[in-house]
Amino acid sequence: MEKCKPRLLKGFRDVFTQEYLARRWMIETISKVYERYGFIPIETPSVEYVDVLGKYLPECDKAQEGIFSFRDSDQSLVALRYDLTAPLARVVAQYKEIPRPLRRYQLGIVWRNEKPGLGRFREFYQLDMDIVGIASMQADSEVCCIICDSMESLNILPGEYLVKVNNRKILNGILEKAGIPPVAEDGSFTDRALITLRAIDKLDRMGMKGVIELLGKGRRDESGDFTQGADLSPSQIQALESYLSIKGDRKTVCNDLWELVKGSSMGEEGVKELQEMDQFFTFAGYPQEKICFDPTIVRGLSYYTGPVFETVLTIPYKDEKGNERDFGSVFSGGRYDGLVARFLGEKVPATGASIGLDRLLEAIKCYGKLKTPKATTQVLITTMDKTLSQEYHKMAFALRKAGINTEVYLGKGPLPKQLKYADYWDIPIAILLGGDEFQNNQVTIKDLRKGRILSQEIQDREEWRKGQPAQITISRDNLLGCVQEMLQQKN
RNA sequence: GCAGCCGUAGCUCAGAUUGGCCUAGAGCGCCUGACUGUGGAUCAGGAGGUCAUGGGUUCGACCCCCAUCGGCUGUACCA
């Protein structure tokens, strides 16, 4: 018979205990921050109709590339959700009785059928928060503050992260002023505007030189691959270069931007919105070490209509080959006033952001900051003498009653194997009860972590074995107290 | 999608100058034992690979050629 090979689809992973626990902690911690701002949780299904997700291509009766789609039993085209925002728009349109503003948060897995990379998977968790029904910049500002609070709740400090804010209206204004019509008659971006915006978005990765090449004729990368450029005139490129060179504190950026967009009503509106946000951040106590204005931020091209935000990790990371690596944006979003209009006709203003939990987790792992244990078990009761089986279980139930995570070793192996098992899972305490102890109504408790440390200094086997490091034999009546004390020493 | 590099035990890798000495090795890990009821260390044994797959060149291929699949990196796209 042909054997089945155990294997995974690319971009899909098994998540083991250590990462699972870290992710669970992140979810709980961030949810609390969201709730502190008055957000309530909602859950929607993982599968939706493709047109509901806004990814239907009627011409060819197919879903857009990059999403996992399939046919339901009635032949309708359905797909795994690729974000949590489109389902939110559906909910808002479907349950009109829900009062606005609606502040909801949602945890969910999303799927993207694209090439995976560092911190990029085809299946990953997002934790979204959105405010629906409010056009005011107060909403967008709050979203940015929540991003900061969330990052800091995860012990990522100001200076280790940075929220970068821009406004799509400013980008459109700049394009307009540079003589590149941003939108065509049907409201979609012109080709030249698309290529230009994509080029701008790459500044952080390619630097100004690469972006200028992309704004002009095009660029050849190090593997020899050529990317077609926007084919702008030197004066247009010059105008964009001075836009992209704007730096400084929030007020300076706003002032410089104003000079560049002056005359474009769209651009002026965008700068005014930024100024409003700056005021909010300032009185709320969010300095530019946390939230800055960055004209190079573009974000996705399809639905953002106003402020856009991206959060980057500023701690440098080098991979094992010594190459500088960038995790990209870990917490991003923006205003999307047009999303619900697809369903209702009327425009419903909305803004929000989404944290990519798995990418952030991957980053934390790479930084060596993952501190969760390999297992949640606190005590392993070894089983030396099978005739004492009942005693082992009795002890286990007593410990569990006191809230201690306890496992009775149910396998067959000899004691060394059982202790190795505890070592493998990082279990802090092992309990030994053999004939000797049983006779004297005693029990032996081993502090495995302490023993692990001690063993590094011991060379001689006799010393190791006879010394029986980090273990005590006590009366069985004191078992619970001793275990509790030993566990407390850990934390 | 496009381009470059790569593909040898569970993991990390070695396998020299133009193909023969490879009936393919090491370290780590794993299993058994020395150590009477104790993790580490040490020692002795052991399991585990059709050298990604298929074809070709050759007297002879892990090594050369072609194709396919898979991986990494860059690039494109990215809600």
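None of the values given here were measured: they were computed from a predicted structure. Residue numbers begin at 1 in each chain, while the letters A, B, ... track the order of the sequences.
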Is any side-chain nitrogen or oxygen of [X] closer than 4.0 Å to OP1 or OP2 of [N]?
| X | N | answer |
| --- | --- | --- |
| A:R198 | B:C78 | yes |
| A:K202 | B:A76 | yes |
| A:R205 | B:A76 | yes |

- Query: Considering residues, nucleotides and ligands other than A:Y20, do more than 12 of their heavy atoms fall under 6.0 Å from its OH?
  - Reply: no
- Message: More than 12 heavy atoms of other residues, nucleotides or ligands under 6.0 Å from CD of A:Q94: yes or no?
- Response: yes
Rounding to the closest angstrom, what is the interatomic distance between [N] and [M] at atom [atom1]?
| N | M | atom1 | result |
| --- | --- | --- | --- |
| B:A26 | B:A14 | C1' | 7 Å |
| B:U75 | B:U57 | C1' | 36 Å |
| B:U50 | B:C62 | P | 14 Å |
| B:G74 | B:G27 | C1' | 33 Å |
| B:G7 | B:G49 | C1' | 14 Å |
| B:C78 | B:A16 | C1' | 47 Å |
| B:C13 | B:G33 | P | 33 Å |
| B:G29 | B:U12 | C1' | 11 Å |

What's the closest nucleotide to the [X] side chain, out of [options]?
| X | options | answer |
| --- | --- | --- |
| A:R120 | B:C78, B:G40, B:U38 | B:C78 |
| A:L419 | B:U75, B:G39, B:A79 | B:G39 |
| A:E114 | B:C78, B:G39, B:A76 | B:C78 |
| A:L448 | B:G39, B:A76, B:G71 | B:G39 |
| A:Y82 | B:G71, B:A79, B:A76 | B:A79 |
| A:L432 | B:G39, B:U75, B:U38 | B:U38 |
| A:K446 | B:G40, B:U38, B:A79 | B:U38 |
| A:M206 | B:G71, B:A79, B:A76 | B:A76 |
| A:K115 | B:U38, B:U75, B:G71 | B:U75 |

Reckon [X] touches a base, only the sugar-phosphate, or nothing at all at heavy-atom distances under 4.0 Å?
| X | result |
| --- | --- |
| A:K55 | base |
| A:D436 | base |
| A:D83 | sugar-phosphate |
| A:E437 | base |
| A:I67 | base |

Rounding to an integer number of Å, can you tell me how far [X] [atom1] sits from [N] [atom2]?
| X | N | atom1 | atom2 | result |
| --- | --- | --- | --- | --- |
| A:K10 | B:G7 | NZ | P | 19 Å |
| A:I200 | B:C78 | CD1 | P | 14 Å |
| A:R452 | B:A41 | CZ | P | 13 Å |
| A:N440 | B:G37 | CG | C1' | 14 Å |
| A:D191 | B:C77 | CG | P | 12 Å |
| A:D128 | B:A79 | CG | P | 14 Å |
| A:I431 | B:G39 | CD1 | P | 18 Å |
| A:D385 | B:U38 | CG | P | 14 Å |

- Just one of A:L197, A:T190, A:V183 clears the side-chain contact (heavy atoms from CB on, under 4.5 Å) bar with A:L175, so which one? A:L197
- Task: Can you sort out the partners of A:R71 under side chain to side chain donor-acceptor pair (under 3.5 Å), two or more places apart, ordered by chain and number?
- Result: A:D61
- Query: Are A:F121 and A:F12 close enough that their ring centers fall under 6.0 Å?
  - Reply: no
- Task: State whether the distance check finds a donor on one side and an acceptor on the other, under 3.5 Å, for side chain A:Q471 versus base B:G39.
- Result: no
- Below 3.5 Å, does any donor atom in the side chain of A:K420 face an acceptor in the base of B:G40, or the other way round? no
- Answer yes when A:E19 and A:R23 have at least one side-chain N-carboxylate O distance shorter than 4.0 Å, and no when they do not. no
- Message: Working note: A:T377 + A:N405, criterion side chain to side chain donor-acceptor pair (under 3.5 Å); need CA distance, chi angles, decisive distance, verdict.
- Response: CA-CA 5 Å; A:T377 311; A:N405 303 341; over 6 Å; no
- Applying the side chain to side chain donor-acceptor pair (under 3.5 Å) test to A:N113, which of A:E65, A:R122, A:E123 qualifies? A:R122
- Message: Here's a test of your reading of the structure: between A:P414 and A:G435, which maps to the more 5' nucleotide of RNA chain B?
- Response: A:P414
- Query: If each of A:L433 and A:K417 is mapped to the nucleotide of RNA chain B with the nearest heavy atom, which maps nearer the 5' terminus, i.e. the 5' end?
  - Reply: A:K417
- Query: Passes side chain to side chain donor-acceptor pair (under 3.5 Å), A:Y105 versus A:D130? Steps please.
  - Reply: CA-CA 6 Å; A:Y105 73 92; A:D130 297 84; over 6 Å; no
- Of all the base pairs, Watson-Crick or G-U under 3.5 Å, which form stems of three or more consecutive pairs involving RNA chain B? B:1-7 with B:69-75, B:10-13 with B:25-28, B:30-34 with B:42-46, B:52-56 with B:64-68
- Item | Sequence-distant partners of A:R120, salt bridge (Lys or Arg N to Asp or Glu O under 4.0 Å), two or more places apart | A:E114
